[in-house]
Amino acid sequence: KRQESIRNFSIIAHIDHGKSTLADRILQQTETVSDREMQAQLLDSMDLERERGITIKLNAVELTYNAKDGKEYIFHLIDTPGHVDFSYEVSRSLAACEGAVLVVDAAQGIEAQTLANVYLAIDNDLEILPVINKIDLPAADPERVRGEIEDVIGIDASEAVLASAKAGIGIEEILEQIVEYVPAPIGDVEAPLKALIFDSVYDSYRGVVLNIRVMEGVVKPGDVIKLMSNDKEYEVTEVGIFSPKAVQKDFLMVGDVGYVTASIKNIQDTRVGDTITLADNPADEALEGYRRMNPMVYCGLYPIDTSKNVELREALEKLELNDSALEFEAETSQALGFGFRCGFLGLLHMDVIQERLEREFNLDLITTAPSVIYHVNRTDGSMQVIDNPADFPDPSMIESVEEPFVKANIMVPNDYVGAVMEISQRKRGEFVTMDYLDEYRVNVVYNLPLSEIVYDFFDKLKSSTKGYASFDYELIGYRPSNLVKMEILLNNETVDALSFIVHREFAYERGRLIVDKLRKLIPRQQFEVPIQAAIGTKIVARTDIKALRKNVLAKCYGGDVSRKRKLLEKQKEGKKRMKSIGSVEVPQDAFMAVLKMD
Ligand code: GTP
């Protein structure tokens, strides 16, 4: 029976431990793609992704494997994004599998995202097959890593395959273990259709393409499907699999992983995690776990050239078609004019969107410092949800403020434990536990305000641990904090886009820092410009930018022409990223200065 020969699995790993390389090897070994077609890292299809070396969009590939037992097996390899911002998507793609190949770097051992991904796999009841990769490296210490997997994760690693995805060692062993240990899908082909949407992408010809895993029943073209979270109905136009190119099929049945198109125009209707059933023979209940993904980090995006506002909206609408987690709405800033308030799953998600807007749509943007979502309990008893510091109410109307906290796992060699604790304490962290991963490495757990992580925690962590720390976090809820809004005044005018929320204890220090930083970033003007930081009506820091005296070209008087031209070019370059705030020219960097303070 077909169902018994199916094996659905994912590869999970910490970033850079070799997931994509292993996936490529598996495709090669099973001749899913010929060597000629083999392009490095086929599963990561977006250019940006390739450059950044991270996997953002999920994908699934069907391949056939002729096992040593003489039988032919159908494998579905489901790709997962590796980053914490996308943990819900990781979890949904794991829910489409029965097994997970856990790749751990033989020189690095378990890192923060190894653990985060393993927990997601365990939550989804997957069979976990550990693989110790990069055994070709001189620094490889497979036995130490085997011990770590057993001690830290608590799974049997005695049969962990020792592999080198790069050198092609151990690949067949991995494939054999998948046949032997990953269970075939269960589920009833006669039952009403139940299929999990684990990804969806927008295709301009076919509309939304849903990536699904069929859990029960069958789906074929002509069927009218229903999305169980919102009861929307669509007629199926095509079903198929990726191999890795799209191949049409007559139907998809229990255990299959493939795609469905149904002329769906709006990707917002098809959230990842939803269940598809048939309109005329619906399943009683949806598959477990459908959850809306809510943005955690917000920032303002403004075109430098204000006439590009419409283009920015169109670009955001296009990106939204492929990214149901992206949110945006129009907003106006006194300082920056018309723009959009955008919500992201996390910092990486934000970076990726900004970069795509600039690169793919050729937009020059001013981005304001990211903010988390605050809960403000007002004196009138109501609660206000605030994602933009500029909207923070007057202190007299505030009873209390709550902010999101996360639990962070930080893994470091033990020499750096002190440094990690110092940073975490300074960032208002609350120590939870500390466990030894092995003789040399420690997992330090802290509860931290998300706003501090958004601020500069990661940069600080990297620099004070020489890059050895790995880090992962999950939201644990809201807690009251003593927070105030800091406003920045340029030339005695409040610049709304520079406002930020800060803990009262750090307010003076941060006010001082930002004022000094702005003084360095904002070029001299024709007149003296005071810069002030204020809480309510109270000025906590002040400095002045001295008026400009000399003409830039004066110092090259009589000098050679090319030098003069260079100077002018340089000035023009600088201008491009400037924004006039009242009568003051402010460079883009200034808006991010609230963030990076060294
Ligand atoms: P992300 O896509 O960023 O999540 O990383 P990944 O886990 O997919 O890692 P990737 O396959 O891109 O590999 C990361 C780096 O490790 C690349 O430079 C690979 O060439 C290298 N690499 C992968 N496997 C091996 C191996 O077995 N041995 C050695 N020496 N290098 C390897």
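As the structure lists them, so they are numbered: ligands from 1, and atoms in each ligand from 1. FYI, side chains are in, hydrogens and waters are out, and symmetry mates aren't considered; it's all heavy atoms of this structure. Numbering of residues begins at 1 and proceeds along the displayed sequence.
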Looking at [X], which atoms of ligand 1 are within less than 4.0 Å of one of its heavy atoms?
{"X": "N133", "answer": "24 (N), 25 (C), 27 (O)"}
{"X": "H14", "answer": "7 (O)"}
{"X": "S164", "answer": "26 (C), 27 (O), 28 (N)"}
{"X": "L137", "answer": "30 (N)"}
{"X": "I15", "answer": "3 (O), 4 (O)"}

Open item on the list: My understanding is that only residues two or more places apart in sequence, or in another chain, count here; which of them pass salt bridge (charged side-chain N to carboxylate O under 4.0 Å, His left out) with E143?
Closed with: R146
Return yes if some donor-acceptor pair links the side-chain N/O of [X] with the main-chain N/O of [Y] below 3.5 Å, else return no.
{"X": "E127", "Y": "V182", "value": "no"}
{"X": "E320", "Y": "E327", "value": "no"}
{"X": "E148", "Y": "I110", "value": "yes"}
{"X": "R7", "Y": "I74", "value": "no"}
{"X": "Q3", "Y": "A184", "value": "no"}
{"X": "D274", "Y": "S229", "value": "yes"}

Open item on the list: Considering both backbone and side-chain atoms of G18, is one of its nitrogen or oxygen atoms within less than 3.5 Å of a nitrogen or oxygen in ligand 1?
Closed with: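 Yes.
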Open item on the list: A165 versus ligand 1: do any nitrogen or oxygen atoms come within less than 3.5 Å of each other?
Closed with: yes
Task: Proximal candidate to atom 31 (N) of ligand 1 [heavy atom criterion; set K166, Q113, R25, K19] - done: K166
Open item on the list: Minimum distance, heavy atoms only, to atom 13 (O) of ligand 1: which one of I135, L22, T21, I12 is it?
Closed with: T21
- [ ] Could you give me the CA-CA distance, side-chain angles and deciding distance for N443 and D435, then say whether side-chain hydrogen bond (donor to acceptor under 3.5 Å, both in side chains) is met?
- [x] CA-CA 5 Å; N443 181 22; D435 297 303; 5.0 Å; no
For ligand 1, does [X] get within less than 4.0 Å through its side chain, its backbone, both, or neither, judged by non-hydrogen atoms?
{"X": "D136", "value": "side chain"}
{"X": "K134", "value": "both"}
{"X": "D16", "value": "both"}

